[in-house]
2 protein chains.
Amino acid sequence: MDLKQLSARLGLSPTTVSRALNGYSDVSERTRQRVIEAAREAGYQPNLMARRLALGKTDAIGIVHPTGAGHLGDPRFLEVVDGLTERFAAEQIDLLIASARPADEIATYERLSRGRRVDGFIVPHTRCRDPRIDYLGQCGAPFVAYGRTADSSGYAWFDFDNEAGSRLAVERLHRLGHRRIGYVHAPLELNFAWQRHQGFVAGMEQAGLSIESRWVVPAGFGRRGGYEAMQTMMAGSDTPTAVIVDNNLSGVGVVRCVLDAGQVLGRDISVIVYDGTPADSTVLELEVTAIEQPTPHGAGVKLAELMLGVTQGQPLQELQVLWAPRIAPGNSDGPAPGTR
Amino acid sequence: MDLKQLSARLGLSPTTVSRALNGYSDVSERTRQRVIEAAREAGYQPNLMARRLALGKTDAIGIVHPTGAGHLGDPRFLEVVDGLTERFAAEQIDLLIASARPADEIATYERLSRGRRVDGFIVPHTRCRDPRIDYLGQCGAPFVAYGRTADSSGYAWFDFDNEAGSRLAVERLHRLGHRRIGYVHAPLELNFAWQRHQGFVAGMEQAGLSIESRWVVPAGFGRRGGYEAMQTMMAGSDTPTAVIVDNNLSGVGVVRCVLDAGQVLGRDISVIVYDGTPADSTVLELEVTAIEQPTPHGAGVKLAELMLGVTQGQPLQELQVLWAPRIAPGNSDGPAPGTR
DNA sequence: TTGTATGCGTTATCAA
DNA sequence: TTGATAACGCATACAA
């Protein structure tokens, strides 16, 4: 059942039927109702390829996710995808997913954009200096970045206020009497890690605390990385009384390491973790004090909306969104030992 | 630069140019070379929407992944997607991803297939009785299932020989002298869980061992579920000397629980886990004995190839592929206590 | 308010 | 071996 057949059945021209279905104003209300009714009962579905050809759009947004090391099964990524597809589906837009090793990433963006397979991109896992952003900017493809780069002025993005989050954590620990605060972080090329680290530095400065470089430990992204980082930190002769962890996978490792060392969280040592403990974790009976962000699903929905805004030519100013974190208190932190 | 412009530049008709580029035989070799050369240097890219309209294909395959409980961030899913996109990209085929809550799943398949947004589907996470398979079968949409259903005769699928895997594990433990063997499993609606459980039952029978129902414990999918299941099992007065776990997330929980109880793996209690330990785990210095499957990435590639086979009308027989598991010995199992 | 004619860029048909 | 012409199904100036 195509437009021609439907219009023939109605005794109208395809033009009129098309306009009636697409909500144009220059068609009488009576005709419109008649058309809509007939379309419904005939089970008419417009041919998307034809429409796309005529309109020059693909109704698809691409997302290229980096594969391989450094992104070992970030489980939250799929939740972002959930949010994206949910919001896009409401607009009849498809999400096209591609994977690429870091070395092939640009080529993949090129393939998708030059082949006009998508109308735009969602760019995840931004880095401080990000060639993907550069490439898309210069070739004029619409996109929304999930996270900012060093210079974030010229494009649409959605990000958390990572600096503020770390500062909140430092302030809280400082109020609890801690003065020796450690920090476990993901690779600083990842911009979220960089920003959170910046916030840590700023927070410490503001609190008048000095940063011990041996207590600032990089961890591979993931549980194991966190575990090893914490082992390193605890191996020294003097150890911090509190630790902030910049991602919740590493956070699991850190917490696990503390427990394995026979220490009591919130008493012997305090830990605050970005995003707290993953729902699925073996750390039971422990509510880790968290720097709380919007859910990945919510982020996905927001990213989708920004993408829609971009394609509709909304002013850039409205397309740069920063969400504010807050502290969700748990029982993994407490007064510094010897404070009271 | 479109076909018309390119043909004008060459002094040929669009027809000829099209045929030259698409490898038809009825064009002279000299002309073909000339056309290919010109196309390359002009950077000609065919308009996919136009081609799709003309050919009535979408060059896209859909994958609908169930969102919400029960699939909490299965990290391996993304790896499967990697394999899929990698293989499909080589054929200029896009992978379209959608998310749906279990209740909306069928509707999503319907939206995608009736809207002719995709040429076929990959169906993940099959269940024993699976309405998605029923729906796709009856509406005639091409698809490949990742895992079989109870009746797997009428469609293309890729699966592991889950029964064989469990039997291998039981045999190994039996040879090591174990007679009291427990089993921790994912919900049995999931077909892989069902099959693995069947294999366990068959293996025990074959070994002449009796199954203690209190040692067969269902666990939610995930680390925590495994942990709790193992707690349950170890709470009883008499406990098994060995445990088989049917997925590696629960496996982490089980192992963790054993360690937390101060027992030594491979000596006090033996554990064999499907797929072993995830690369990113806090269980250090321990190589869990695994029932080894192909990698998710490999599975993705294979699924993509099966999909291609389906669209090319290959006989069904060649499109039902079972991969055989093997045991990868680690140090989490050993002779039953008191055996030697 | 409706219809006519044309374009979107490709592939397929059939004649030359 | 090549080219003219007609699909593919929808959208849109423009005319009525």
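Just so we're on the same page: letters track the sequence lines, and every chain starts at 1.
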Within the modelled atom types, does a donor on one side and an acceptor on the other bring the side chain of [X] and the base of [N] under 3.5 Å apart?
X       : N      : value
A:Ser28 : C:dT2  : no
B:Ser18 : C:dA12 : no
A:Thr15 : D:dA11 : no

Has [X] got a side-chain N or O lying under 4.0 Å from the OP1 or OP2 atom of [N]?
X       : N     : answer
A:Ser13 : C:dG3 : yes
B:Arg51 : C:dG9 : no
A:Thr31 : C:dT2 : yes

Between [X] ([atom1]) and [N] ([atom2]), how many Å, whole number?
X       : N      : atom1 : atom2 : result
B:Glu29 : D:dT2  : CD    : P     : 11 Å
B:Tyr24 : C:dT10 : OH    : P     : 14 Å
A:Leu21 : D:dG9  : CG    : P     : 17 Å
A:Lys4  : D:dC8  : NZ    : P     : 7 Å
A:Tyr44 : D:dA11 : OH    : C1'   : 10 Å
A:Leu3  : D:dA11 : CG    : P     : 7 Å
B:Asn47 : C:dG7  : CG    : C1'   : 13 Å
B:Arg52 : C:dT11 : CZ    : P     : 12 Å

(request) Kindly indicate whether the side chain of B:Glu86, heavy atoms from C-beta on, has any atom under 4.5 Å from the side chain of A:Thr67. (result) no
Minimum-distance nucleotide to [X] side chain [options: [options]]:
X       : options              : answer
B:Leu55 : D:dG9, C:dA12, D:dA4 : C:dA12
B:Asp2  : C:dG9, D:dA11, D:dT2 : C:dG9
A:Ala54 : D:dC10, D:dT2, C:dT2 : D:dC10
B:Leu53 : D:dT2, D:dG9, C:dT10 : D:dG9

(request) Classify the ring geometry between B:His125 and B:Phe77 as parallel (under 30°), tilted (30 to 60°) or perpendicular (over 60°). (result) parallel
(request) Run the salt-bridge test on A:Glu105 and A:Arg111 with the 4.0 Å N-O cut-off and return the result as yes or no. (result) no
(message) For B:Tyr155 and B:Phe143: C-alpha separation, side-chain torsions, deciding distance, then whether ring pair (Phe, Tyr, Trp, His ring centres under 6.0 Å) applies.
(response) CA-CA 8 Å; B:Tyr155 58 89; B:Phe143 70 97; 5.6 Å; yes
(message) If you assign A:Met1 and B:Val17 each to the DNA chain D nucleotide with the nearest heavy atom, which residue ends up on the more 5' nucleotide?
(response) B:Val17
(message) I want to confirm an ordering. Mapping A:Asn22 and A:Asp26 to their closest nucleotides on DNA chain D, which one lands closer to the 5' end?
(response) A:Asn22
(request) Assign B:Leu48 to base, sugar-phosphate, or nothing according to its heavy-atom contacts below 4.0 angstrom with the strands shown. (result) nothing
(message) With nearest nucleotide decided by heavy atoms, which residue, B:Gln45 or B:Arg19, maps closer to the 5′ end of DNA chain C?
(response) B:Gln45
(request) Verify whether one side chain among B:Ser18 and B:Thr15 offers a donor that lies under 3.5 Å from an acceptor in the other. (result) no
(request) Rounded to the nearest 0.5 Å, what's the gap from CG on A:Leu308 to CZ on A:Phe88? Could you check? (result) 5.5 Å
